[in-house]
Amino acid sequence: MLIAPNRIVKVHRPFTTSLSKPPSPQPPPPELTTIANLILSSEDQKSLAQTLHSLNQWTPNLVHSILKRLWNHGPKALQFFNALDCHPLYSHSSTAFDYAIDIAARMRDYRTIWALMHRMRTQKLGPTRKTFAIILERYVSSGKADKAVKIFLSMHEYGCQQNLSSFNSFLDVLCKSKRAEMAYKLLKIFRGRFRADVISYNVIANGFCLRKQTPKALEVLREMIERGLEPTLTTYNTLLMGFFRAGQLKEGWKFFLQMKKRKIDVDVVSYTTIVHGFGVVGEVEKAKKVFGEMVGAGVLPSVATYNAMIQVLCKKDSVANAIVIFDEMLRKGYIPNAVTYNLVIRGLCHAGKMELAIDYMNRMKDDCEPTIQTFNVIIRYYCNDGEIEKALELFKDMNGESVLPNLDTYNILISSMSVRKKSDDMLLAGKLLIEMVDRGYSPRKFTLNRVLNGLLVTGNQELAKYILRMQGKFGRLPRQFRL
DNA sequence: TTAGGGTTAG
């Protein structure tokens, strides 16, 4: 049986008072979906440009929303951007350029990135520090950290002067991509030039904590003190997280007690860190105890604290108890966010309660838009349960939603379509593969291999050949399929 | 978009 949205019974939440609930998020303006679908269905650049030019109500905000909506369809997003670039009345904002550059960078289309940067410059819109933050992040996350350093150091040649914040945000990008050592070296070289501050050091300490290198993080802490910089609450919370992350629960707890003893005003972030830290390693009772004690200590939990507790219960206790906490937060007037719903939905899927998970996805729409993770979780569990039809139905429904499928969505579906080695399944897997390439995603070698093999085994030589001919779109093919 | 807490399977 297929899931039809109108068959789903909506569960009403208990005890929600209208007093505590702000108005529901505004649904997107109808023209946004209409225009986005118009763009998605347009055949060629020329007719798209004509259609868009005939509309005159372009505002920067509408353009930003459409670029966001087309986020997971990079080629269409860029087509749209280019078609509007020669509009007689509208001209792109600096932010629209940043979006376009981010989209091109995500597709690793380096030529387009630099062409857009050049156009920004001729139109005197930048590139700005934000533009550089975007491309530096993309270079680092695609493994080109050395190139990123060169770009950072040459920013001024593009008319954009580096400052302390751009330096700090670059260090942060390196640290978040597990390049703490490299960031620390850069800090040592350039701390004089940029006047490194407490944020610079906090970023590096966090980088080592992410790599579970608490001794290095403590070394950074010592160094900042030696240099006359006063650690902040963020510094301590960073180290606290570092201990728990590295599995040093005793040290973490001792550190927390030290913080209190030294009259540091521990805050909701400190408590959330501990609740999560104890919980995810299975110390559910300790997590609950801290969660219960914080109010008495004068610190109110936030939505993030509830999320930590809900995650812990889903993972190490039961989804039923997680829902008790979920209901408690509603009763107290908190508005769950997408993270909250995704946690509960994942927990329900994991417990095999798929229908209830769908109910929660529908309830979610009162508070926030479902995210790509919402769809991917449900699609994944449907696939795992062998309910491929239901997964495909939800995948189809995504066309009318706020978010388009991403690389994960395609990987999940294609790999489960390839399990049975049935001809119809393989044809669909092949079509999905072509669609994902059209949308700017490069399939992994493994996925490509699997689909091509499956097509050949099931006698679908024609589609296999077609896919082989697309190779230019996503680079080198595995050896056995090379033409 | 200058730092700290909450989503992700294998």
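Fair warning: this is a prediction, and the values are worked out from it, not measured in the lab.
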For the pair made of [atom1] in [X] and [atom2] in [N], what is the distance, rounded to whole Å?
X       : N       : atom1 : atom2 : result
I412(A) : dA9(B)  : CD1   : P     : 11 Å
N202(A) : dA3(B)  : CG    : P     : 11 Å
R450(A) : dG10(B) : CZ    : C1'   : 13 Å
L171(A) : dT1(B)  : CG    : P     : 19 Å
N168(A) : dT2(B)  : CG    : P     : 10 Å
N206(A) : dA3(B)  : CG    : P     : 10 Å
N307(A) : dG6(B)  : CG    : P     : 10 Å
N163(A) : dT1(B)  : CG    : P     : 15 Å

Could you work out which one of [options] sits closest to the side chain of [X]?
X       : options                : result
K176(A) : dT1(B), dA3(B), dG6(B) : dA3(B)
S169(A) : dA9(B), dT2(B), dG6(B) : dT2(B)
D408(A) : dA3(B), dA9(B), dG6(B) : dA9(B)

Describe the nucleic acid contact of [X] in one word from base, sugar-phosphate, nothing, applying a heavy-atom distance below 4.0 Å.
X       : answer
T340(A) : nothing
I345(A) : nothing
V203(A) : sugar-phosphate
T232(A) : base
T305(A) : base
Q311(A) : sugar-phosphate

message = Within this structure, what is the NZ-CG distance for the pair K332(A) and L300(A), rounded to the nearest 0.5 Å?
response = 9.0 Å
inquiry  = Measuring to OP1 and OP2 of dT8(B), would you say a side-chain N or O of R346(A) lies under 4.0 angstrom away?
reply    = yes
message = Can you confirm whether or not the ring centre of Y110(A) sits under 6.0 Å from the ring centre of Y139(A)?
response = yes
Salt bridge or not between [X] and [Y]? Use side-chain N to carboxylate O under 4.0 Å.
X       : Y       : result
D408(A) : R380(A) : no
E226(A) : R222(A) : no
E223(A) : R191(A) : yes
K185(A) : E181(A) : no
E285(A) : K288(A) : yes
R331(A) : D327(A) : no

message = At less than 3.5 Å, do the side-chain atoms of S302(A) and the base atoms of dG5(B) form a donor-acceptor pair?
response = yes
query = Heavy atom of residues 261-287 of chain A under 4.0 Å from DNA chain B: which residues?
reply = D267(A), V268(A), V269(A), T272(A), T273(A), H276(A)
